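On a predicted model such as this, the values are computed, not experimentally measured, just so you know. Along the sequence shown, the residues carry numbers beginning at 1.
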Amino acid sequence: MAGFAEYEDHDGLGLAGLVKSGEVSAGEVLEAAIKRIEARNPAVNAVVQELYDEARTQLAEGLTGGPLSGVPFLLKDLGSSLSGTRTTRGSRFFAGLPPIPFDSLHVTRIKQAGMVILGKTNTCELGLSLTCEPQLYGPSRNPWDLSRTPAGSSGGAAAAVGARMVPVAHASDGFGSIRAPAASCGLVGLRPSRGRHTLWPVAGEGMSGYAIEHAVSLTVRDNAALLDATRGPGPGDPYTAPPPARPFLDEVGADAGRLAIAWSARAPNGARIEPDCLRVLVETATLCEELGHRVVEADPAIEGEAVVPTFRTVSACSILNGIRSHPSGRLPEPGEVETVVWNTMRRAQKIDGATLLTAEQTAHRIGRQMAEFHTEHDVLLTPALATRPPKLGWLDMMMEDLDEYWERVFAFSPFTVWFNTTGQPAMVIPIGQAKDGFPIAVQAVARYGDEATLFRLASQLEAARPWFHRKAPVTA
């Protein structure tokens, strides 16, 4: 491929180092990213808004000198606001709105880190799925198997990074929308602690504290460096996560000590775990023991049967609230939103305030139950997913039966929503593979506010079982 041929040999910090040293220019890096989008996006449908001219203008105005200066970056078309661009939320109902006139604080911090925003990525409608198949833009495809979903809702972000278009991309997570795509595409995906990132100026919290923004990345260190650049409260935030003792990037490669690690393959909803997902979990637990950690099998004593119903109540009310934010002030007509969104909205209209408050209190109670578990265990390891990502069309947001839809979602990913409920930091680590080379990941979960332990452990695992060299077939 023409241009900066070694582009894919580097992660984000690697590219930033080359730009800083003058070995390559930021312009060469940007054009290398654009060439890969142009070559690979037709196969995976990850990028739905091209902002190439805006990115070139950003470079012409000069880099900030931040730690990720010159690194090409993609924003998810849901959540963070980028001035002068439309945020469609993957929805026909919102697609015709005028461009947003401001940057969110999260985007401001991304720019201050020196990252160059060159496009927006596909997402399911209003983020209400763990696939990425919106009627508006069509399905994103998994770069490891084009017949399968890259998961969602940050499916476009994961497909783009998995296809080596960019080394890191913006994502958000309300019930697994960072971690499920990361696991499906062989990437690192961190759902930070509740309150670690601000949603200023749009909201104080996302989905009653379930949702938070961050990223998917090729390497652990890029994930840490970006979190350092973007973390922290905004003016008037109702709460914030405790500040770290030192930069998260300093934890990458640091001595992890002898951690108390528990592993569990028991899903809160009782979902069946496929053999490859279970095998990689057990192999990772064994590796942790070989690395000197104390490892036991242990199931947290939580109200597992309450996790999904609690989420469904909170998410339904959040969807209705989001739909009401439409500038017209009206609700959509039948056919203006997808069937799952329509039926969810209708369900939310029947939920009273006391029921929502009960769901929020249940979530807090489950969080306390997990905090009790972490008095004895530093980390909990689970499968990242229960199954390989399903074929496109299986998680169909045009389904009429809402209960069947959610049963399918949480049969695929039963472990992720658990930690949106508790607010803990949870990281997907793409350490394993199936026999055919398809990536298989584990999820590592730490105490609230303790992303540092996850970065130390994940970087230790990354050094022991490297994955950067593995490339999806679509890159060939």
Distance-only side-chain donor-acceptor flag, Asn223 / His214, under 3.5 Å: yes
Under 3.5 Å side-chain donor-acceptor pair for Thr416 and Ser413: yes
Distance-only side-chain donor-acceptor flag, Lys120 / Thr87, under 3.5 Å: yes
Residues Asp436 and Arg388 bridged, charged N to O under 4.0 Å: yes
SB check Glu8 Arg36 (cutoff 4.0 Å): yes
Over all atoms of both residues, closest heavy-atom pair of Ala363 and Tyr210: CB-OH, 3.8 Å
Electrostatic pair Arg221:Asp11 at N-O distance under 4.0 angstrom: yes
Cationic N near anionic O, under 4.0 Å, Arg56 to Glu31: yes
No-hydrogen, no-angle side-chain donor-acceptor test under 3.5 Å, Thr198 and Asp237: yes
Minimum heavy-atom distance between Thr64 and Ala113, given as atom pair plus value: OG1-C, 3.8 Å
Lys20 atom NZ: more than 12 heavy-atom contacts under 6.0 Å: no
Phe175 ring center within less than 6.0 Å of Trp406 ring center: yes
Single hit among Arg191, Arg179, Lys76 for salt bridge (Lys or Arg N to Asp or Glu O under 4.0 Å) with Asp173: Arg179
Point-to-point distance, once rounded to the nearest 0.5 Å, from CZ of Phe419 to CD of Gln424: 6.0 Å
Arg246 atom CZ, neighbour heavy-atom count above 12 within 6.0 Å: yes
Where Pro72 and Leu15 come nearest, the two heavy atoms and their spacing: CD-CD1, 4.3 Å
Cation-pi check, Arg194 onto Tyr239 ring (under 6.0 Å, within 45° of axis): no
Leu249 vs Phe455, side-chain contact (heavy atoms from CB on, under 4.5 Å): CA-CA, chis, key distance, verdict: CA-CA 8 Å; Leu249 187 57; Phe455 284 121; over 6 Å; no
Geometric class of the Phe410/Phe311 ring pair [parallel <30°, tilted 30-60°, perpendicular >60°]: perpendicular
Ion pair check, Glu451 and Arg196, cut-off under 4.0 Å: yes
Side-chain touch Asn142/Pro389, heavy atoms, less than 4.5 angstrom: yes
Donor + acceptor pair across side chains of Thr453, Asp450 (<3.5 Å): yes
Check: His106 ring centre within less than 6.0 Å of His170 ring centre: yes
Phe4 and His10 aromatic ring geometry - parallel, tilted or perpendicular at 30°/60° bounds: parallel
Lys/Arg cation over aromatic Phe468: Arg164, 6.0 Å, 45° cone: yes
Donor on one side chain, acceptor on other, Glu274 and Thr387, under 3.5 Å: no
